Every structure is written in structure tokens, then in C-alpha cells.
There are 2 protein chains.
Amino acid sequence: MNERFERELMRGSLDLMVLSVLADGANYGYLIQKRVRDVGGDMIKLQAGTLYPLLHRLEADGAIRSKWDHSTGRKRKWYELTAAGRRRIRTQAAQWDRYTACIQQLLTPALAALPVK
Amino acid sequence: MNERFERELMRGSLDLMVLSVLADGANYGYLIQKRVRDVGGDMIKLQAGTLYPLLHRLEADGAIRSKWDHSTGRKRKWYELTAAGRRRIRTQAAQWDRYTACIQQLLTPALAALPVK
DNA sequence: CAACAATATATCGTTGTACGATAGATGTCA
DNA sequence: TGACATCTATCGTACAACGATATATTGTTG
């Protein structure tokens, strides 16, 4: 029941995370995954089977654009933000802040009401 | 595409909100919905078709327990936290904090890297 | 050199939650 | 009486995240 909580938590905020990574500069899937997992520690285990469809979705939405790189032996698909993607980060970050504020508004009195342990 | 973001955001954190409301005392569905919507403003539009299955799920999990009240003309199903429910709020609240900290860790440098507008 | 781990992208079926629509019942107020 | 708010509930749909699996290349180690 608790793994479920962790898993469902990421719905909707995962794309914001990926866009955030790309705000630091162009990047490709495998490294994006590493970066998110590094920051997320045991909280966020971003799967490849989640990330790649997510990237395709963001590209279809026009938030990012891609380019294959065959110069090295191992081919990589680089992604970078579009102007729309940058706008999207800003609006979604604002929404995220408002959303967490709502939760905090419910959570703070709740924890205070709970017996000390 | 932005409504999707709002909708998907709630996945996984909605049950924590409902549990939080119940931490302030026993309550019934309709009022729980009102409370969450009041706090949520335009961010959180909790639907009845979402809430009632959610309550049933929490009860099946043993986090809450219910009791019908027929004393008034309009019948109401009152819910209250169980001991397991109180534990669950504490653990999920801690997870929530850690999760939002992760997002913030990605978001802050991202917003700093973005052109001023 | 062979075996194995890491790098790199991708697809597929399953699961589960939130939504909107719908239903049905009671109470209040004009 | 008719409209509206209260109150609980179910059903089909949409869709994101998961785990498994596939495939291919590069690096490491016995």
C-alpha cells in the first residue's frame, strides 16, 4: 500500500522534473534518467519504460525537440527545450507551488491534531 | 494539456488530503469534499465520483472506519481515522515532504537557468 | 577471448486512479 | 409545486507509470 503511494505520487510531476533537467542544458535519455534518480534517491526510481514514452510525449506536445547523434559509436538522441517548453516549466512550476501549498494547508493542522505518537 | 497536469497532480496525494481532513475529527463524504475544495480553490476540484471510491478504498485498507447515521432525515456515513490511519498520515506526510524536496532540488536550478522571460 | 556489466533507446501489456456522467433519494425555500 | 442543495453511489473511459522484454554497442575483467 505504501509502494503504491510512492508510485502514484509521481503522476503529473514527472514531466516537470524532466523539463527541469533539460533547463540546465540539452541532454539525452539515459543521462536524464540518471540525474533524476540521483536527486530522487530512494524516493524516485524513474524507469526507462517510463522515461522514453514521456520524452516522446513532451516532443509531440512541442515542449522539447530531439536530434540524433551518431558521431560517437553509441548513438544518442539529444533533447532540448523549445520556447514552449520554457513557458511550460514556468507555468507548471507555479501550479506545483500552489498545489503543495494547498496540501500543506491541510497537512499542518492535521499533524498538529494527531496525538504526539 | 494543462488540465491534464492539474488532474494528474492529485494522484497519490489525494488520499493524504482526505486523511488529513479526518485528522481534525470524524466527518462525512459531502463535507470532506467541501473542505478539500475550499482549501484547494481552483487547484483541486475533488469530484464525488473520485471521493466515494477513495473512501471505500481507505476503509478497505483499514485506515478509516465508517458508521451510518440515520438520526437526521438525511442519512450520512460518518468516517473516522483508525490507529493505522493515524500512522499512515505520519508516514505519508514524511514521504510527501521528501518528495517535494526532490522536486524543489530539480526545480530551483532550472528556474534560475531559464531566461528571465 | 569470452563473459559480463554498463550504456542507450524503445515497445508492450497490466494496473490503478481520477474523471465525467448518471442515478436516486431527501430536505428546504419560494 | 418546482427548483435547488444535500448526500451517497456506481460505471465506463482515459491515461500515466510500471515491469518485462528486446536489441545493439562499448567497456571491463578473469
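Please read all numbers here as calculations on a predicted model, not as lab measurements. These numbers come from the heavy atoms of this one structure, side chains and all, not from hydrogens, waters or symmetry mates. Proteins come first, then strands; the chains are lettered A, B, ... in the order of their sequence lines, and each starts at number 1.
Every residue two or more places apart in sequence or in another chain that forms a side-chain hydrogen bond (donor to acceptor under 3.5 Å, both in side chains) with B:Glu59 is listed here: B:Ser66.
Considering every non-hydrogen atom in both B:Ile89 and B:Ser20, the closest pair reads CD1-N, 4.1 Å. Considering every non-hydrogen atom in both A:Leu107 and B:Ala93, the closest pair reads CD2-CB, 3.9 Å. Here the closest non-hydrogen pair linking A:Ala48 and A:Gln33 is N-NE2, 3.4 Å.
Rounded to a whole Å, the CG atom of B:Leu46 is 11 Å from the P atom of C:dG20. In this structure, the CG atom of B:Leu51 is 17 Å from the P atom of D:dC11, given to the nearest Å. Taking atom OH of B:Tyr99 as the reference point, atom P of D:dA17 lies 8 Å away to the nearest angstrom. To the nearest angstrom, C1' of D:dT8 lies 14 Å from CD1 of B:Ile64. The separation between B:Arg37 atom CZ and D:dA5 atom C1' is 14 Å, rounded to whole Å. Rounded to whole angstrom, the span from the NZ atom of B:Lys67 across to the P atom of D:dT8 amounts to 15 Å. One atom, CE of A:Met17, and another, C1' of D:dA16, lie 13 Å apart when rounded to the nearest Å. Between the P atom of C:dG16 and the CG atom of B:Leu54 lies a distance of 15 Å, rounded to the nearest Å.
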What's touching nucleotides 1-4 of chain D from the protein side, N or O pairs under 3.5 Å?
none

Taking only nitrogen or oxygen atoms into account, show me every contact under 3.5 Å that the protein makes with nucleotides 6-9 of chain C, one pair per line with its distance.
residue, atom, partner, partner atom, Å
C:dT7, OP1, A:Lys34, NZ, 3.4
C:dT7, OP2, A:Tyr30, OH, 2.5
C:dT7, OP2, A:Lys34, NZ, 2.8
C:dT7, O5', A:Tyr30, OH, 3.3
C:dT7, O2, A:Arg74, NE, 3.1
C:dA8, OP1, A:Tyr28, OH, 3.4
C:dA8, OP1, A:Arg76, NE, 2.6
C:dA8, OP1, A:Arg76, NH2, 2.1
C:dA8, OP2, A:Tyr28, OH, 2.9
C:dT9, OP1, A:Lys77, N, 2.9
C:dT9, OP2, A:Gly29, N, 3.3
C:dT9, OP2, A:Tyr30, N, 2.6
C:dT9, OP2, A:Tyr52, OH, 2.9

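Of the possible polar contacts, none joining the B:Lys75 side chain to the B:Thr72 backbone as a donor-acceptor pair under 3.5 Å is found.
Below 30°, between 30° and 60°, or above 60°: for B:His56 and B:Tyr52 the angle between ring planes is between 30° and 60°, a tilted geometry.
Regarding contacts with the backbone of D:dC18, every side-chain N or O of A:Gln47 stays at 4.0 angstrom or more from both OP1 and OP2. Residue B:Arg57 has a polar side-chain atom (N or O) positioned under 4.0 Å from OP1 or OP2 of C:dA18.
Note: B:Lys34 NZ to B:Asn27 CG = 11.5 Å, rounded to the nearest 0.5 Å. Atom CD1 of B:Ile64 and atom CZ of B:Arg57 lie 10.5 Å apart (nearest 0.5 Å).
Side-chain contact check for B:Met17 versus B:Leu46: every heavy-atom pair is 4.5 Å or farther apart.
Contact annotation for A:Leu14: backbone-only contact, meaning every heavy-atom pair under 4.0 Å involves sugar-phosphate atoms and none involves a base.
Remark on DNA chain C: of its neighbouring residues B:Gly49 and A:Thr50, the 5'-side contact belongs to A:Thr50, judged by nearest-heavy-atom nucleotide.
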